[in-house]
Amino acid sequence: PYTLQSSYRVSAYQYNYIYTTNVANTSTMLDSNVIGTVTSSNPNTAIVSGSVEFGTAPALGSTSGLTTFTIQQDRRYAFSPSSLSWAFTGSTGTSTVGTGAASVNINASPTSASYGTAITISATLSSTATGTVTFFDGPVPLGTATLSAGSANLAGIVLPPGTHNLTAVYSGDTTFASSYSSQDPVTITSAGAVANCAGMQENALVVCLANAFEATLTSSQISTLQLSYTLANAEHWSNLPISIIARNGLSFGSLSSTQLAAAQALAQAAMSAQGYERLQNIRGADNLLSVYNTSMGFGSGNYYVAFIGTPSTSNPWQLQFAGHHFAFNHTFNGKYISATPYFIGTEPTVVPVAGTNYLPLKGPQTAAYDLTRSIYGNSAALLSGTFDDVVAGVSSSTDIDTNYPINYPTTGRGLLYSSLTQAQQAQVKAMIEAWCTDMDSTTSASLLSAYEDASALAQTYVGYSGDGTLTTQGDYIRVDGPRVWIEFVVQNGIVFTSSYHYHTIWRDKTADYGGDFASN
């Protein structure tokens, strides 16, 4: 079956359609490293990106595709799925896996609790089922438990405020096939430690929650978390795995459930709901990478929190959440209101967990598609050169942000905002907002006011490079204003090598790191 993820218009009659799919294994042997390549027999249906990495296909079962495939359809003619043909490669396992149906029932107790309350999550299957059950909060694993008499439990789990859709994923055994439960929602209300911060807003709320997080830590952990307020510490972030470059602070994986919940509550205060969801979805994507590559340091636990400077309502300090494909650098009390540099990326672009497809770059991805397709073919918007990665990212020699301060281009910047149609101008604003609204509402409102001021927009440019599909290595789109700088680029897959992945960055030419180190 094919599930439509998104579509966009390419020309008068041509539309690109992006689908997710899965593959069925009709053999009684497990197949691994399954890669499918799709071709079309219909001249009106072209394949834009036709390789899908399916990973492991259980015996007599099916698995969700780990990436997507893209077709280009002439809308004057009907699309027929039967015109698509698939060829597969992979390795057949040496042992069989079960084919029996295993119904997974999940139960969390309590299902509604105040923040700080520990909950227990249980899964029940047939009493003869063996193996393990992994419990997920959305796309992020909470832990794995071994079945005993058909039951598995995780106890003492503390979750941050909000609604959590929990699922249980069963590994399967020689009798039963792998399977998963339906979602079990759990609501955590703001009470306990968070109530001590009740009524606070903006920086005061973040500082209060930072202090609440520190109160859960040992003195040794605090010394690792807390760094001096220097450019060397502030610029120490990267988009590379931790096996290549270490991160500041404490890893999520080193924290207890109570400590992690406090760190997540802090992230929720410094980000919008959409920004926090993005962090979780990117962590989920990284967890999927860790299944297929165990040597690079991928994984949802390899995300870090650090304080650059001491949390304060009056003195400058920086809150940093960092890991592969996520670098959040929010400076408080600097010369300027600041939420940058902000790097986000994802591989794969779609994360299937327990029957749900999570889109880590939902919002930015759509905005980038819309603007790229709108200006594609306009020679004034075509940038010179090619782009293998974001331009204003980390240094290739140090793997951190020692490129700062950035030398931004002054010529060849693309198409001026005033030259765009009204619809295209709205798309430029939508692209700016897709990144900025990941921040808390006060920060995003202040920065959007500066970026979308009429005089600022009059000096803002858009430019692109590549084939305009945003599915090919080197496809690139940029918004370049007096202050705002946003890049979105497509790279080939690193773990899923037959596919592609995204890198993006948002910078503020004036206010990176609060503007406090601009003269260094």
Side-chain angles (χ1 to χ4, degrees), residues 1-7 17-24 52-58 61-69 101-108 111 121-123 125 132-144 152 154 157 159-160 162-172 177-188 264 273-292 298-300 303 325-326 344-366 495-496 499 501-502:
Y2 304 140
T3 302
L4 182 65
Q5 176 192 333
S6 62
S7 63
Y17 295 90
I18 302 172
Y19 289 92
T20 56
T21 187
N22 58 35
V23 63
V52 179
E53 301 234 14
F54 291 97
T56 299
S62 62
T63 185
S64 297
L66 299 180
T67 63
T68 59
F69 71 94
S103 177
V104 184
N105 298 306
I106 186 173
N107 178 67
T111 57
I121 315 171
S122 303
L125 292 87
T132 61
V133 174
T134 300
F135 296 92
F136 285 81
D137 178 6
V140 178
L142 295 172
T144 299
L154 275 186
I157 301 299
L159 297 171
T163 298
H164 303 265
N165 292 315
L166 307 182
T167 54
V169 178
Y170 170 51
S171 64
S178 60
S179 54
Y180 54 84
S181 71
S182 59
Q183 292 186 344
D184 186 21
V186 170
T187 300
I188 305 298
Q264 291 173 308
Q274 125 186 332
Y276 178 73
E277 181 182 17
R278 193 172 322 287
L279 167 61
Q280 294 295 87
N281 288 349
I282 289 174
R283 291 179 65 211
D286 233 46
N287 185 70
L288 191 55
L289 294 183
S290 71
V291 174
Y292 293 90
F298 299 125
S300 58
Y303 282 69
H325 282 163
F326 192 85
I344 50 176
T346 185
E347 183 185 7
T349 60
V350 180
V351 184
V353 175
T356 298
N357 284 332
Y358 297 91
L359 302 176
L361 292 195
K362 181 181 180 181
Q365 178 181 341
T366 299
V495 175
F496 304 123
S499 188
H501 76 291
Y502 303 134

Mind checking what makes ring-ring contact (aromatic ring centres under 6.0 Å, His included) contact with [X], not counting sequence neighbours?
X: His164; value: none
X: Tyr358; value: none
X: Phe298; value: His324

With distance as the sole test, does [X] use its side chain to make a donor-acceptor pair with the main-chain N or O of [Y] at under 3.5 Å?
X: Glu347; Y: Val495; answer: yes
X: Asp286; Y: Gly299; answer: yes
X: Asp184; Y: Ala108; answer: yes
X: Thr346; Y: Ile282; answer: no

Self-check item: Residue list, side chain to side chain donor-acceptor pair (under 3.5 Å) with Ser179, at least two apart or on another chain
Solution: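 Once residues adjacent in sequence are excluded, Ser179 has no partner under the side chain to side chain donor-acceptor pair (under 3.5 Å) criterion.
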
Quiz item: With sequence neighbours left out, what residues match Tyr180 under side chain to side chain donor-acceptor pair (under 3.5 Å)?
Solution: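 Side chain to side chain donor-acceptor pair (under 3.5 Å) check on Tyr180 returns nothing, list empty.
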
Quiz prompt | Phe496 and Tyr292 aromatic ring geometry - parallel, tilted or perpendicular at 30°/60° bounds | solution =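 Tyr292 vs Phe496 ring planes: perpendicular.
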
Quiz item: Using 30° and 60° as the class limits, which term best fits the ring planes of Tyr19 and Phe69: parallel, tilted or perpendicular?
Solution: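 Aromatic pair Tyr19/Phe69 classed parallel.
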
Quiz prompt | Residue pair Lys362, Gln274: steps toward the side chain to side chain contact (heavy atoms under 4.5 Å, CB included) verdict | solution = CA-CA 9 Å; Lys362 181 181 180 181; Gln274 125 186 332; over 6 Å; no

Quick one: are [X] and [Y] in side-chain contact, heavy atoms under 4.5 Å?
X: Ser103; Y: Leu125; answer: no
X: Val186; Y: Thr163; answer: no
X: Leu166; Y: Ile121; answer: yes
X: Pro360; Y: Gln365; answer: no
X: Asp137; Y: Asn165; answer: no
X: Leu142; Y: Leu159; answer: yes
X: Thr111; Y: Thr187; answer: no
X: Phe326; Y: Leu279; answer: yes

Practice problem: Go through the steps to decide whether Phe135 and Ile106 satisfy the test side chain to side chain contact (heavy atoms under 4.5 Å, CB included), and finish with yes or no. | Solution: CA-CA 9 Å; Phe135 296 92; Ile106 186 173; 4.2 Å; yes

Quiz prompt | Contacts of Arg283 that satisfy salt bridge (Lys or Arg N to Asp or Glu O under 4.0 Å) - sequence neighbours left out | solution =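 None.
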
Self-check item: Short side-chain donor-acceptor distance under 3.5 Å, Thr144 and Thr132
Solution: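 There is no such pair between these side chains.
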
